[in-house]
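Working notes, beginning with the structure itself.
Proteins get letters first, then strands, A, B, ... in listed order; numbering begins at 1 in each.
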Amino acid sequence: MTDRPRRRWHIAVFLAPAVLVYTAIMIIPLFDTLRLALFNKGDDGAVFVGLRNFATLFGDPNWSRQFWNALINNCWFFVIHMLVQNPIGIALAAILSNPRLRFAGLYRTAIFVPTILSFVIVGFAWKLILSPIWGIAPNMLDAVGLKSLFSPWLGKESSALTTLALISVWQFVGIPMMLIYAALLSIPDEVLEAAECDGITGWAAFWKIKLPLILPSIGIISILTFVANFNAFDLIYAAQGTLAGPDFSSDILGTFLYRTFFGFQLQLGDPYMGSAIASAMFGVILIGVCLYLFGIQTRIRRYQF
Amino acid sequence: MNYRTFTATLLASTLLAGSAMAQDVTLTIESWRNDDLSIWQDQIIPAFEASHPGIKLNFAPSAPAEYNAVLNSKLDAGSAGDLITCRPFDASLALYDGGKLADLTDLPGMANFSDVAKSGWSTDDGSATFCVPMASVIHGFIYNKDAFAELGLQEPKTVDEFFAVLDKIKEDGTYIPMAMGTNDQWEAATMGYQNIGPNYWKGEDGRTALIKGEQKLTDADWVAPFEQLARWKGYLGEGFEAQTYPDSQNLFTLGRAAIYPAGSWEISGFNGLADFEMGAFPPPVPNEGDECYISDHVDIAIGMNKATEHPEETRTFLDWVASPEFAKLYANALPGFFPLSNEAVELDDPLAQEFVSWRDECKSTIRSTYQILSRGTPNLENETWNASAQVIKGEESPQDAAARLQQGLESWYTPGQ
């Protein structure tokens, strides 16, 4: 047989624009950052130093203390999202998909709106709401006789990070809600009707039928939350500034990277150590995503209708 | 023949016109002071162009937070302006060392400035100066005169009197004694520690001794300001932990707070907002009759891009900036930014005049952390922000804070190198 498979040029042609753009603005900068992390300032320009930047980052107490503090804070930020944002998102979606609920469209829109707001607006609006001087939070608590519960949450080490995480939850709860809502709507009525015939209704139907069917969506949401949280920066920057106060209690990897890379006040920017931190962040996210992909994703059972 | 003459005339006129055009040099000024755009365009530039025909100026500011990054990339790309507004100390020193800023030591106008004024823009040994100092900011306390009159209070001179005044305001309860928060951290260090500190560490004596390694941040003179800051806590407003810098400004200008630990840059803003009369007093001294010291911090200067195509004209402008004429113009256009030249300048704004009058009574110094000491990691200035805020909140003792700062400094700084 002389029939060779024809070269299918059109595949390359159609892929080219996306591949080129993605390579130029994502892949090249990413690898250049990883490369830059292996250099440091020498007498004349950049000098290759191998892994010495990472040795400084993890070995020098001045750097490692900040790095671990940021990483632990980041984990707490993620935990709050997983424990609060996603269950609330699922609950809201379950309520919204109830056919007897009136004004479902209105609620859906209202809950989703904060997601499209800018971080800066959200940061400043909440800073004002919670302000002990002009904020409405103290007055509202006063109106129901709970003034004693109020404290300057954003200014206290013990509560600043949790408060910020909850603000972020408020902003983004619409995303898991929408994804789960879509997943719930895609469950065919026949399945639910069949369950009903077997006597499974109400909450039991949710736990036994719907939840297993939306598990893959929950998995996707978890990994999206993970990546977004470990790349987070904007909200903390808008609300607490570059120093992520008080006493670095709301410092996460993003703000630590920004402070190091671009410098701050008298601290001059250090692109080399900044790249090292960026690479460490990349590593953390890569490990997290791999754990998910190989540990969980492959075990989730999927159902075809 | 006629035709030829005509052509020659045309050519000659083109050449003449060309050279006339070339004489009209436009110099571009890089700056982070976008707030000052109208002052430059309406007052400073017309004044200069009137006395120096042939040189035009173009003031091209960028956003303050982005200035350093924007300027650096413009300088690297060769597209930066002829004149560069200089941040004090290391940011500009790095530009000079990198060959971006020209040496201006031999500029005739430099004779108008003292060594302290030039310290922000000189090499560590003081041998070369690369920017012409424009202005400094002075620290002190601005107070609500109406509130003081209402409560029968006098400007405090000593620390004890200061706290007696604060106690009285607190007792009365109408006003928050002092408007300052710790949310943004820098006020605690800049308006707190660096404001009251020079009285304890004796201004330049202490500051230079610290750089030489003869004193430590754990010495009594350097811990004392923290001890005073720790006492401030009870006089700040409720929820000061989450109070931001604009919050504090508003609390004071709305008349809800009596005293505002300030930098003189607040003056023009406060003049527009407050509808009560304001007064100011310098940081109180520890004991009656002590010599007083004020933080008269060098803040802004202007230098020459080494790659400029018009070095002569640029130097002409810089020499004019060094003159008393510019000092008077600038100081009155921007009350609260005080000229650094040795020539005495009369200011129209009474509050600004009050601030600048302290230069005669007290000795001037600059902020202790700015020269040399904030070059390494951990950065002493940033650490001082954090430590001051922690001390005010009562979450770290003055001794612990000082010990932490000294330990951080020692980890990278060896005096005399």
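Residues B:Ala242 and A:Pro152 come closest through the heavy atom pair CB-CB, 3.6 Å.
With a 4.5 angstrom heavy-atom cutoff, B:Ile176 does not touch chain A via any of its atoms. Contacts between B:Leu254 and chain A at a heavy-atom distance below 4.5 Å involve the side chain alone, from C-beta outward.
More than 12 heavy atoms of other shown residues, nucleotides or ligands fall within 6.0 angstrom of atom CZ in A:Phe58.
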Which donor-acceptor pairs sit under 3.5 Å apart between chain B and chain A?
| from | atom 1 | to | atom 2 | distance (Å) |
| --- | --- | --- | --- | --- |
| B:Asp247 | OD1 | A:Trp134 | NE1 | 2.6 |
| B:Tyr370 | OH | A:Gln265 | NE2 | 3.2 |
| B:Asn382 | ND2 | A:Gln267 | OE1 | 2.8 |
| B:Asn386 | ND2 | A:Asp247 | OD1 | 2.8 |
| B:Gln390 | NE2 | A:Glu157 | OE2 | 3.0 |
| B:Gln390 | NE2 | A:Asp247 | OD2 | 3.1 |

